[in-house]
Each structure stands twice: as structure tokens, then as C-alpha cells.
Protein chains: 2
Amino acid sequence: MDQFTLRQLRYFEALAQHGHFGRAAEACAISQPALSVQIRELEETLGAALFERSARQVRLTGFGEDVAAKVRDILRGTDELADFARLSRDRLTGRLRIGVIPTIAPYLLPTIIGDLTRRYPGLDMRLRETVTPRLIQELAEGRLDTAIVALPVSEPSFTEVPLFSEEFILVRPSGDADKPVPNAETLREMRLLLLEEGHCFRDQALSFCNMNSSLPRELLDGSSLSTLVQMVGAGIGVTLIPEMAVPVETRSASVSLARFDAPRPSRRIGMIWRNTTPLADQLREVAEVVRQSAETLAGQTAGATACT
Amino acid sequence: MDQFTLRQLRYFEALAQHGHFGRAAEACAISQPALSVQIRELEETLGAALFERSARQVRLTGFGEDVAAKVRDILRGTDELADFARLSRDRLTGRLRIGVIPTIAPYLLPTIIGDLTRRYPGLDMRLRETVTPRLIQELAEGRLDTAIVALPVSEPSFTEVPLFSEEFILVRPSGDADKPVPNAETLREMRLLLLEEGHCFRDQALSFCNMNSSLPRELLDGSSLSTLVQMVGAGIGVTLIPEMAVPVETRSASVSLARFDAPRPSRRIGMIWRNTTPLADQLREVAEVVRQSAETLAGQTAGATACT
DNA sequence: ACTGATCCATAATTTAAAGTTATTGCAACA
DNA sequence: TGTTGCAATAACTTTAAATTATGGATCAGT
């Protein structure tokens, strides 16, 4: 009899309240002897009598009263825990840490933050924007719950679900508007402005041109799509940006936009999480919300990208 | 699986701390499968995963972290309860409600309060002074833990332990100092001042004179021994006071004291408590402390009562 | 004072919970 | 591609907690 049990504390509270073994036992839905035994064992564990049993009534001892106060606190704590668990059940709750790559975050987040907050009130959403390798590392270390990145990631310990695809749009100085749209080969001959190393979008663009990322090339690296578009506007070169970035990034710059001819370059965006995460079910829901948000966003964007 | 157990919460805390089933199980001094099962059952009870088990580590989920905080509170509460019980064990502790009759209280209490406080530090002593019938009622109702009264009480549901006997001292106007000490019969002819009805000492005094308490008599009732002695000093009559009251009550009054000849009137003072009280062992200790206090007091008093 | 009713404790037994050892299965890593 | 580390599962044993039945004390009413 090393330690008391919660069950004993519940029985104790019932007996303290009813002052009667039979009725307290009934309230606990057990037989009277079961209650007697548990109370006796609790008293043995604590080393002192909790109740004084006289012929007509059962009442708390002074010690019992002190114990009752502490027991109340403990049981209220367990009730709170049970309530908390019940409220959290089958509901995305608490903290959700989402990582997003920089070439998606500025365009998608404003929409999905609103949608997710509406869908999951009370959710403590924490967002992190950084490049894919960091997201992968933080996800693996359990410092993120999920990430929105370009697929495939091909980490066997991660689950990937596709969200949507987006094309790459050519951004040229406005004077080039009437020139023919280059294909992958001709694009290779042009001064192509790209994001600095580490960004997956840089590799995706280079891959479209069949160029090796690590080869030393004569290109200027920008730290954001916004910068790249500004540089194009200044006539320094051309660049590619993902479809989703078009409305935001070309709002104020005087550049011309063009879709490529087939095979059009594009990338697949998806959500990833650890295979082992217990949030998988909820994350699938989140993915669906994000997919719909992106779809809506693409619809609104369609007009702005009527650029060929 | 209605509710979780304290055991599960302790295992949960261990696993949260160690992040490893094997080591946590070792810390809990159980086998690893036992821990696995209890954690699984806790998760089922709460309705959500508490840990994410990946190949190389076990870590808390967001939900698990929230639960861990609440579990900490609960377990600290149980620790406190266990500590409290351990400290209280085999030690008179908490509240002790002692009733004392008015013809004892003023003389004995100053001494025994000190002695008991010294003997049981931290004891929350609560004293009540009233007449025996009330003490008996409150004791029976559980509103007192024990009482110091004149024996016998002869309540079958109470245990009595004798503490000491004390003689009744005759108090006469100082002018009567040289008169012969009356016996029970001659005392009956004198104007005897007594406490009002309800005080046992009144009955004891009348009993000494073989007088019936309820008979209409020409006597003045005082509400305290102090008043009676003052009245005697004013020459209104004579009275009896218990030995123990002598030093206090005759300090400033000009009265003469006399012991009776045999058979000397006296009364036995004792402690009583409910047969069912779980404090019986400790109350026996308390009785011994009180007995010794009274003995010491009687020794100091002896000189002042050298009055015959 | 006997009698019946009330009520808690104890005993014997059954049922449920928790623990054990042995084994399987999955990932990670060399 | 084994090998290893670690948690899950299975089969079984032990311990804990329940049940029903019974006993003994106390109080109330005849």
C-alpha cells in the first residue's frame, strides 16, 4: 500500500459529502463493502483516521477535513484535465507550427491564415518562413508540425500531399512585350535573374533551362522575387516568377509578363509532415483548406495573369 | 476505460521527462510493456495522442505538452497530500477542540495551554468554556473533541478518564475565621451562596449538604466563583469553592478560608471523549499532560490553601 | 429488556486491472 | 542487407477491486 489512488480519493470525497457509507457507495455506483475497504485502505495509506464512525453518523475527523480540502483540489485538477481532453478531442487545437517556403508565403499566407482561423477557432497558429532544407530539418526535429513546400521532397520519413501546381511566368522589361516568348534553350542565352542559392525556386527555374545550379554562371542573385522584378523593370535582365506571385509582385513594376509555350514550366506545391505525427488526420483537413484557399486565389489571379 | 488513474499520470510524467519508454519504465520500476500499455490507455482515455513515437525518439505532441502541465499540477497536489499525511502521522495535529467547565477553566487553562502548546507545536487548540450539559451535547454532536468536566458523566457513549480530585474549600467572611468549621448539617443552616443552575459545582455543593438542587431555597445565585467570593467578602453569606480556585479568587478579597473536617467534600475531575473518536490514543496523552499540569498547579497552590 | 432495523466491518469469492516474460515488427544505420 | 535499438503485441501471472453473504454493534419502539 504505497500510494493512494484517484479512485480512493473520489470515494473519500463521496463519503465526506454523504456522511453515510451506503449512500456514498450508491453515489459511486459500487457496493458498500467496496467503499468501506477503499476508505480503510486510504486511511492506512495516510496513516490516520479520516472519519469517525459512530452508530448513527459518519463524520470527518479534523485530519479528514484537512485532507478533504487537498483532495478537492486534486479532483478538480483531474476534472479540468478530463474536460480539456474532451474539448480537444477530434478537433485541431492548441499549437500548430507551419513552415512555408519564401516563394509561397507572401502570396498564400494572407489567405490561408484567415481561412484556417475561421475553420479552427482558438488554434494557436505559428508560421515560419524559410527555405526548404531548413524546413525539412526543423520538421524532422519536431520543431514544426507541417510545411508547405515544392514537391517532391523525397524524404522517406515524410508524407507528402499535393496541394496545387503553378506555372512559371516570364517577366521581361516592358519593352520586350512584343518579342517572341523564349523557350528553354533561348532562355538560357538571356540574362536570367534568380534567387540566391538555397531557394528551391532557383533550382526549378534552372532545371527548366537544363542548367546546373552549381555551375558558375554570370547571373545576379536576388534575395526576393520582389527584388528580381524590380531589377527586370530596371532593364537588367529577365526572370521567372511563380504564377501566384504575379498579382503582388507586378502591381507597381513596369514589366511585361508572358506564359511560356508548352512544355510550360511549373512546379507542384504540397504539404509535408512526419509519417509519425499523430496530427496526420487533422493535417489532411488543413491541406484541404489550404488547397481550396489556393484555388480561390488562383481564380482571382487568372485575370491579372492574362499576359501572353 | 472511464477515467485515467494516478498511476497513468505518473508514468506519463516519467515518459515525458525521459523521452524513452525503456528508461522511463526503469525509472518507474516496471517493465517497458507495462509502461507502453498504460500510456496507450491514457491516450485512449483522453482521446488523443500524447506522444509522437518516431524511430529514434519519443516526444510530446502539442496536446501532450498541455496535458503535461496539468498533470504536473495534479501530481504536485498528491505529493503535498502525502507529505501532509506523513507529517501528521503519529502526532496530534491540526485542530483540537477542548471543552472545559467554568469552575475549572480559569484556573487550569493558563497552565495547560502552555504545556500542550509546548508538547504539540503547531496544534490548533480551540477552547470552549461552558456548563457540563452543553459540553456533553457538543461532544456528542462532534463539535468538540474532548471535555474536562467533573466525573462521573455516565454517558455510555463516552469514555471517561480521571485527572485529579480537588476538595471544596469553605469561604467565610474574614470575621468568621475563628469560628468552628461547619459540617454538612450546620452548613445547611447557613446562608450558602452558590452558582446559578446548570453549573455542576452547584449540585456538588448542595449534594454535600444533602440538599436537593431543585428545591426552592433562599439562596443567592452568582454567575461566577469570583462573584461569590466578593459577596462573601461583603458579608452576605458563605460559599464553597474548589481548591484550585483558591489562589486566584481569594487573592484580593478579605475572606477566611477553611478546609472541612472529614468527610471532606471533593469532586473528581476528568476528561471525556466519544468512544468512537479516532483521537483516543492522542487524547490519553493529552490527559496525561493535563494531569501533570494540574499536579504541578496543586503543588504551587498548597501553601496558599493552608487555611484551616 | 427484548426485538427489529440500521449500518458498517469482515470474509469468501469472482472479476477486472496491471504486471511479467517472450516475441514480433519497424526504422535507422553501418 | 543484415544488424541493432526500441516500442508494440501476445500469452500468461499476479495483484487489486469488485461482488454477495454474513456478523456485530447501536439505537428505537414495543
Side-chain angles (χ1 to χ4, degrees), chain A residues 1-12 14-16 18-45 49-61 64 140-142 155-159 274-278, chain B residues 1-12 14-16 18-45 49-61 64 140-142 155-159 274-278:
Chain A
M1 212 157 315
D2 198 18
Q3 249 282 23
F4 48 82
T5 66
L6 272 184
R7 173 177 291 155
Q8 286 169 348
L9 300 189
R10 284 191 213 100
Y11 292 176
F12 166 76
L15 183 55
H18 288 93
H20 186 287
F21 277 76
R23 282 189 281 281
E26 191 180 8
C28 297
I30 56 167
S31 65
Q32 169 263 312
L35 186 91
S36 288
V37 169
Q38 290 303 316
I39 294 296
R40 175 163 51 76
E41 291 187 350
L42 179 58
E43 289 178 322
E44 285 171 8
T45 303
L50 295 166
F51 295 95
E52 175 175 339
R53 293 109 161 124
S54 57
R56 278 287 168 261
Q57 51 184 335
V58 173
R59 84 170 75 83
L60 282 170
T61 61
E141 287 170 355
E155 285 278 336
S157 63
F158 289 172
T159 299
R274 292 183 299 279
N275 296 331
T276 53
T277 187
Chain B
M1 212 156 317
D2 199 19
Q3 249 281 24
F4 48 82
T5 66
L6 273 183
R7 174 178 285 147
Q8 286 170 348
L9 300 189
R10 286 191 211 99
Y11 292 176
F12 167 76
L15 182 56
H18 288 92
H20 186 285
F21 277 77
R23 282 188 281 280
E26 190 180 8
C28 297
I30 56 167
S31 65
Q32 169 263 312
L35 184 89
S36 288
V37 169
Q38 291 302 317
I39 294 296
R40 175 164 51 76
E41 290 187 351
L42 179 58
E43 289 178 323
E44 284 171 8
T45 302
L50 295 165
F51 295 95
E52 176 175 339
R53 293 108 160 127
S54 57
R56 278 286 167 261
Q57 52 184 332
V58 173
R59 82 170 75 84
L60 282 170
T61 60
E141 288 170 355
E155 286 278 335
S157 62
F158 289 173
T159 299
R274 292 183 299 280
N275 297 331
T276 52
T277 186

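Letters A, B, ... are given to chains in the order of the sequence lines, protein chains preceding strands, and every chain is numbered from 1. No experiment lies behind these values; they were computed from the predicted model shown.
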Practice task
For Q38(A) and L35(A), indicate whether the former's side chain and the latter's backbone hold a donor-acceptor pair under 3.5 Å.
Solution key: no
Handout entry: Flag side-chain contact, heavy atom, 4.5 Å: I39(B) against R53(B)
Key = yes
Handout entry: Smallest separation among heavy atoms of F158(B) and A140(B), with atom names
Key = CZ-N, 3.8 Å
Completion exercise
Heavy-atom nearest pair, P278(A) first then F51(B), reads CG-O, 3.8 Å
Handout entry: Value in whole Å for how far the P atom of dA16(D) lies from CG of L6(A)
Key = 17 Å
Fill in the blank from the handout: The answer to which of V58(B) and T5(A) contacts DNA chain D further toward the 5' end, by nearest nucleotide, is V58(B)
Fill in the blank from the handout: Separation between CD (Q57(B)) and NE2 (H20(B)), nearest 0.5 Å, reads 11.0 Å
Exercise for the section: Find the distance Y11(A):OH to dC8(C):P and express it as a whole number of Å. Expected result: 16 Å
Problem - Length of the line joining E44(B):CD and dA8(D):P, which is rounded to integer Å - result: 12 Å
Practice task
Residues of residues 21-29 of chain B with any non-hydrogen atom less than 4.0 angstrom from an atom of DNA chain D: list those, numerically ordered, please.
Solution key: F21(B), G22(B)
Problem - Short side-chain N/O contact to dT10(C) OP1/OP2 from R40(A), under 4.0 Å - result: yes
Problem - Phosphate OP1/OP2 of dA8(D) contacted by S36(B) side-chain N/O (<4.0 Å) - result: yes
Problem - Rounded distance (Å) that lies between atom P of dA18(C) and atom CD of E41(B) - result: 6 Å
Exercise for the section: Starting at atom CD of E155(A), determine the distance to atom P of dA27(C), rounded to an integer number of angstrom. Expected result: 15 Å
Practice task
Between protein and nucleotides 20-30 of chain D, map the contacts as a letter string: B base, S sugar-phosphate only, - none, heavy atoms under 4.0 Å, written 5' to 3'.
Solution key: BB----SS---
Completion exercise
Walking DNA chain C from its 5' end, the first of Q38(B) and H20(A) to be reached, judged by nearest nucleotide, is H20(A)
Problem - Side-chain touch T61(A)/E43(A), heavy atoms, less than 4.5 angstrom - result: no
Handout entry: Atom-pair distance (CG on L15(A); P on dC7(C)), nearest Å
Key = 13 Å
Problem - Atom-to-atom span, CZ of R7(B) to C1' of dA17(C) - whole angstrom - result: 8 Å
Exercise for the section: Could you tell me which residues satisfy salt bridge (charged side-chain N to carboxylate O under 4.0 Å, His left out) with E26(A), sequence neighbours excluded, listed by chain and number? Expected result: none
Practice task
Round to a whole Å and report the spacing from CG of L35(B) to P of dC6(D).
Solution key: 14 Å
Handout entry: F12(A) side chain reached by L60(A) side chain, heavy atoms, under 4.5 Å
Key = yes
Practice task
For F51(A), answer base if it contacts any base atom (sugar-phosphate contacts may also be present), sugar-phosphate if it contacts only those atoms, and nothing otherwise; contact means non-hydrogen atoms under 4.0 Å.
Solution key: nothing
Completion exercise
Heavy-atom closest pair (A24(B) atom, H18(B) atom, distance to 0.1 Å) is CA-ND1, 3.8 Å
